[in-house]
Undergrad: 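Structure provided below as structure tokens; questions to follow.
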Amino acid sequence: MHLYRSHTCAQLSAPNVGESVRLSGWMHRKRDHGGVLFIDLRDHYGITQIVADEDSPALAVLEKLRPESVVTIDGEVKARTAETVNKDLPTGEIEVFARAITVQSAAEELPMPVAGEQEYPEDIRLKYRFLDLRRETLHANLMTRTKIVADIRERMSAAGFNEFSTPILTASSPEGARDFLVPSRLHAGHFYALPQAPQQYKQLLMVAGFDRYFQIAPCFRDEDPRADRLPGEFYQLDLEMSFVTQEEVWDTMEPVMAGVFEAFADGKPVTPAGEFPRIPYAEAMLKYGTDKPDLRNPLIISDVTSHFEKSGFGLFEKIVGGGGVVRVIPAPGTHEKSRKFFDDMNNWARKEGYAGLGYVTRKGGEFGGPIAKNHGPDRMAELYAELGLGENDGLFFAAGKAADAAKLAGAARIEIGEQLGLIDEDRFDLAWIIDFPFYEYDEDTKKVDFSHNPFSMPQGELEALESKSPLEINAYQYDLVCNGYEIASGSIRNHKPETMVKAFEIVGLSKDDVEREFGGMYRAFQYGAPPHGGMAAGVDRIVMLLVGAKNLREVTLFPMNQKAEDLLMGAPSRPELAQLRELHLRVVEPQPRPASGEA
RNA sequence: GCGGGUGUAGCUCAGUUGGUUAGAGUAUCGGCCUGUCACGCCGAGGGUCGCGGGUUCGAGUCCCGUCACUCGCGCCA
């Protein structure tokens with residue numbers, strides 16, 4: 001017989017009754033009745049009940065062992081009597097009567113229990129991640145993740161993509177996020193950088209003629225995390241295609257993305273391939289107040305600025321007069337909501353850091369609230385008619401500079417949708433957001449900068465760069481969104497050196513800068529580069545959506561905490577002095593903050 | 001860097017208006033128990049109320065500071 005097991009803890013059922021078997025696993029739960037004792041023996045595959053009584057030499061050993069100890073049980077498969085069958089357990093028709101036990105590894109008292117799905121503090125979960133990962137939900141999430149990744153690989157291969165691994169030690173590039181740097185031993189004062197994405201490499205692969213590339217690629221960015229953004233490192237489905245328009249990228253990837261979602265959506269509806277809405281960025285910002293709209297939310301924001309150019313409501317008139325806008329979010333069927341509901345929304349907006357959220361109530365056709373009073377019932381009725389709102393629909397107002405109003409309206413749309421229970425949780429609504437602006441005006445630096453990816457091709461190419469105002473140029477750039485999350489981002493790349501130089505000139509970088517910062521790629525484009533484009537999809541976020549997790553740590557094996565510390569391995573840590581010397585480094589400790597009064 | 005939330009036993013939490021010795025469940029340890037599957041029953045141990053300072057006759061409770069965890073803003077092409 002095998003040293004450790006003849007079966008897994010999920011394999012035995014009625015037909016095995018009478019067999020002598022050997023099982024190994026963790027003691028999930030122990031139920032000690034004195035003369036008889038039950039163990040739920042758990043392994044990766046499932047749970048089997050072990051039973052021992054006074055006829056078994058295992059009884060005395062099992063009584064002393066703590067949960068999560070690892071044991072090997074030799075025993076006999078017995079049918080359970082009708083009253084003792086456990087219908088909730090796949091192996092519930094049988095149990096294994098223990099004849100002998102080998103303790104492989106006894107467990108100490110646990111800092112956090114494995115059995116049960118209680119919540120535990122994040123720092124303890126991370127420090128004892130190996131225990132946390134034994135727990136049912138997290139274990140299942142990670143298994144789903146590996147299946148999703150395998151499924152992605154199959155679909156990408158079937159679509160004619162080839163997987164390549166690109167370097168991890170590479171050069172720092174000045175665009176985008178903060179880099180992680182790796183000091184060079186051989187070159188004093190020089191550093192490698194970990195890739196923020198394999199962006200330049202995959203473009204070089206296209207120049208090298210590989211036509212369709214993909215990779216489940218680790219990416220590294222030294223930025224502060226969010227619930228949907230891991231600190232430090234994350235994985236992307238990175239892909240690139242030659243000789244394609246952006247429409248072909250979408251048409252190629254819709255079946256892959258819809259296919260993966262459908263395969264793991266557990267029957268929940270998914271936007272079918274070929275039917276992903278394509279929403280221009282400007283439209284998304286107006287209608288949803290964000291570039292990553294949750295399309296499960298039926299509320300649509302409208303611009304009603306023209307109604308308030310001359311209004312009895314002085315505040316809006318003043319805002320509009322100053323070049324601002326007024327946006328509205330409907331709150332359908334709120335005639336039975338109390339004043340508190342509307343005031344709470346206003347308080348919510350203030351808490352979020354906005355000036356406030358105005359509102360109009362409407363109950364059986366009667367308008368209420370200060371905005372309606374000052375604006376007048378006739379003009380309110382006119383506004384409602386234009387918006388197609390009914391006699392029991394409330395209306396929220398976000399006013400201010402266009403960008404601020406859009407942001408508030410977008411946040412309010414989400415909040416109202418949630419408060420009114422308008423969002424169908426059991427759906428995956430996918431859509432492309434397209435036509436992103438190529439440049440944006442940075443209020444802080446008072447200059448024009450790339451709004452997203454500087455490697456994107458501007459729509460209209462060189463001619464547009466030379467003839468149009470930078471802020472009017474869109475890029476062949478697109479995001480894929482799902483339920484309010486950005487799950488992929490991509491573009492058709494700028495493969496023409498002269499267009500690149502011009503594009504960078506507009507943000508104040510010279511040809512020399514381009515050659516220095518993107519030397520490899522710039523040089524490659526001098527020797528025959530195919531038009532190409534692609535995208536990168538956040539694997540972590542896709543898994544998070546599919547398993548219904550609210551946080552990326554629930555789908556990540558060994559995540560770091562919010563301060564980018566690995567509490568299990570103890571990273572980052574201080575290196576030995578000798579290591580620093582070898583790397584030509586010296587640490588300059590940060591100065592303690594001066595005590596108040598000394599400054 | 002900034003703002004919100006949380007912090008009481010290993011863990012999940014309660015703790016009134018500032019008032020006697022800070023409680024419960026669970027886990028742990030001991031005892032009992034032959035059909036449980038979140039087994040049950042009896043008992044015990046377990047606390048710098050995150051930390052520091054202040055107000056007060058008296059602080060888990062009020063004030064100030066700070067730390068940890070977390071969510072968000074900035075940031076993330």
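Convention: sequence-line order gives letters A, B, ...; per-chain numbering from 1.
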Undergrad: Could you tell me how far apart Glu108(A) (CD) and C11(B) (P) are, to the nearest whole angstrom?
TA: 17 Å
Undergrad: For C71(B), does either OP1 or OP2 sit under 4.0 Å from a side-chain N or O belonging to Asn551(A)?
TA: yes
Undergrad: Taking only N/O atoms, report every protein-nucleotides 43-46 of chain B pair under 3.5 Å with atom names and distance.
TA:
none

Undergrad: Could you work out the separation of C39(B) and C2(B) based on their P atoms and round it to a whole Å?
TA: 48 Å
Undergrad: Does the pair Asp404(A)/Lys407(A) count as a salt bridge with the N-to-O cut at 4.0 Å?
TA: no
Undergrad: What distance, rounded to whole Å, do you find between the two P atoms, one in G19(B) and one in G58(B)?
TA: 14 Å
Undergrad: For Arg493(A), is there an ion pair with Glu240(A) - N to carboxylate O distance below 4.0 angstrom?
TA: yes
Undergrad: Counting only side-chain N and O atoms of Arg178(A), is one of them less than 4.0 Å from OP1 or OP2 of C76(B)?
TA: no
Undergrad: Quote, to the nearest angstrom, the P distance that separates G40(B) from A27(B).
TA: 8 Å
Undergrad: His33(A) stacking on C39(B): centroids under 5.5 Å, ring planes under 30°?
TA: yes
Undergrad: Do Glu554(A) and Arg125(A) sit within salt-bridge range, that is, some charged N less than 4.0 Å from a carboxylate O?
TA: yes
Undergrad: Could you work out the separation of G47(B) and G5(B) based on their C1' atoms and round it to a whole Å?
TA: 25 Å
Undergrad: Taking only the P atom of each, what is the distance from A24(B) to C42(B) in whole angstrom?
TA: 13 Å
Undergrad: Flag the pair Arg80(A) and Glu93(A) as a salt bridge only when some basic side-chain nitrogen lies within less than 4.0 angstrom of an acidic carboxylate oxygen.
TA: no
Undergrad: Give the residues of residues 479-493 of chain A touching RNA chain B, defined as any heavy atom closer than 4.0 Å, sorted by residue number.
TA: none
Undergrad: Choosing from A68(B), G35(B), C33(B), which nucleotide comes nearest the side chain of Phe38(A)?
TA: G35(B)
Undergrad: More 5' along RNA chain B: Pro67(A) or Ser451(A), using each one's nearest nucleotide?
TA: Pro67(A)
Undergrad: Nearest of C37(B), C33(B), U34(B) to any side-chain atom of Arg80(A)?
TA: C37(B)
Undergrad: Within the structure, does a side-chain N or O atom of Arg31(A) lie under 4.0 Å from either OP1 or OP2 of C39(B)?
TA: yes
Undergrad: Among residues 215-234 of chain A, which residues get a heavy atom nearer than 4.0 Å to RNA chain B?
TA: Arg221(A), Glu223(A), Asp224(A), Arg226(A), Ala227(A), Arg229(A)
Undergrad: Any side-chain N or O of Arg553(A) under 4.0 Å from OP1/OP2 of C71(B)?
TA: yes
Undergrad: Could you check which of C11(B), U70(B), C37(B) has an atom nearest any side-chain atom of Glu122(A)?
TA: U70(B)
Undergrad: Sticking with atom P, work out how far U70(B) lies from U12(B), rounded to a whole angstrom.
TA: 14 Å
Undergrad: Between Arg29(A) and Asp40(A), does at least one N-O distance fall below 4.0 Å, as a salt bridge requires?
TA: no
Undergrad: Under 4.0 Å, heavy atoms only, any strand: does Pro113(A) hit a base, just the sugar-phosphate, or nothing?
TA: nothing
Undergrad: Does OP1 or OP2 of C29(B) have a side-chain N or O of Arg66(A) closer than 4.0 Å?
TA: yes
Undergrad: Could you work out, with side chain to side chain donor-acceptor pair (under 3.5 Å) as the rule, every residue matching Asn453(A), not counting sequence neighbours?
TA: none
Undergrad: If you count every heavy atom of other residues, nucleotides or ligands that lies below 6.0 Å from Tyr235(A) atom OH, does the total exceed 12?
TA: no
Undergrad: Before accepting this row, confirm whether a basic side-chain N of the pair Asp343(A)/Lys340(A) lies closer than 4.0 Å to the acidic partner's carboxylate O.
TA: no
Undergrad: Report the residue (Gln477(A) or Phe97(A)) whose heavy-atom-nearest nucleotide on RNA chain B is the more 5′ of the two.
TA: Phe97(A)
Undergrad: Would you jot down, in residue-number order, the residues of residues 555-565 of chain A having a non-hydrogen atom under 4.0 Å from RNA chain B?
TA: Asn561(A), Gln562(A), Lys563(A), Glu565(A)
Undergrad: Among Val21(A), Val77(A), Thr91(A), Thr48(A), find the residue that satisfies the side chain to side chain contact (heavy atoms under 4.5 Å, CB included) test when tested with His7(A).
TA: Val21(A)
Undergrad: Have a look at Lys550(A) and say if it touches a base, only the backbone sugar-phosphate, or nothing, with a 4.0 Å heavy-atom cut-off.
TA: nothing
Undergrad: When you compare A59(B) with G18(B), how far apart are their C1' atoms, in angstrom units rounded to a whole number?
TA: 6 Å
Undergrad: G65(B) and G3(B): how far apart are their P atoms, nearest whole angstrom?
TA: 11 Å
Undergrad: Answer with base, sugar-phosphate or nothing: what part of the nucleic acid does Glu119(A) contact at a heavy-atom distance below 4.0 Å?
TA: sugar-phosphate
Undergrad: Closer than 4.0 angstrom, basic N to acidic O: yes or no for Arg42(A) and Glu68(A)?
TA: yes
Undergrad: Take the protein atom NZ of Lys30(A) and the nucleotide atom P of G40(B), then report the distance between them rounded to whole Å.
TA: 14 Å
Undergrad: Only Watson-Crick and G-U wobble pairs, only distances under 3.5 Å, only runs of 3 or more: what stems does that leave for RNA chain B?
TA: B:1-7 with B:67-73, B:10-13 with B:23-26, B:28-32 with B:40-44, B:50-54 with B:62-66
Undergrad: Tell me whether the side-chain N/O atoms of Lys407(A) come closer than 4.0 Å to OP1 or OP2 in G74(B).
TA: yes
Undergrad: Do the side chains of Arg178(A) and Glu223(A) get close enough for a salt bridge, i.e. N-O under 4.0 angstrom?
TA: yes
Undergrad: Using a heavy-atom cut-off of under 4.0 Å over every strand shown, decide if Leu37(A) touches base, sugar-phosphate, or nothing.
TA: nothing
Undergrad: Please report the C-alpha distance between Phe130(A) and Tyr128(A) in whole Å, then the side-chain angles of each, then the deciding distance to 0.1 Å, and finally whether the side-chain contact (heavy atoms from CB on, under 4.5 Å) criterion is met.
TA: CA-CA 5 Å; Phe130(A) 45 88; Tyr128(A) 298 97; 3.7 Å; yes
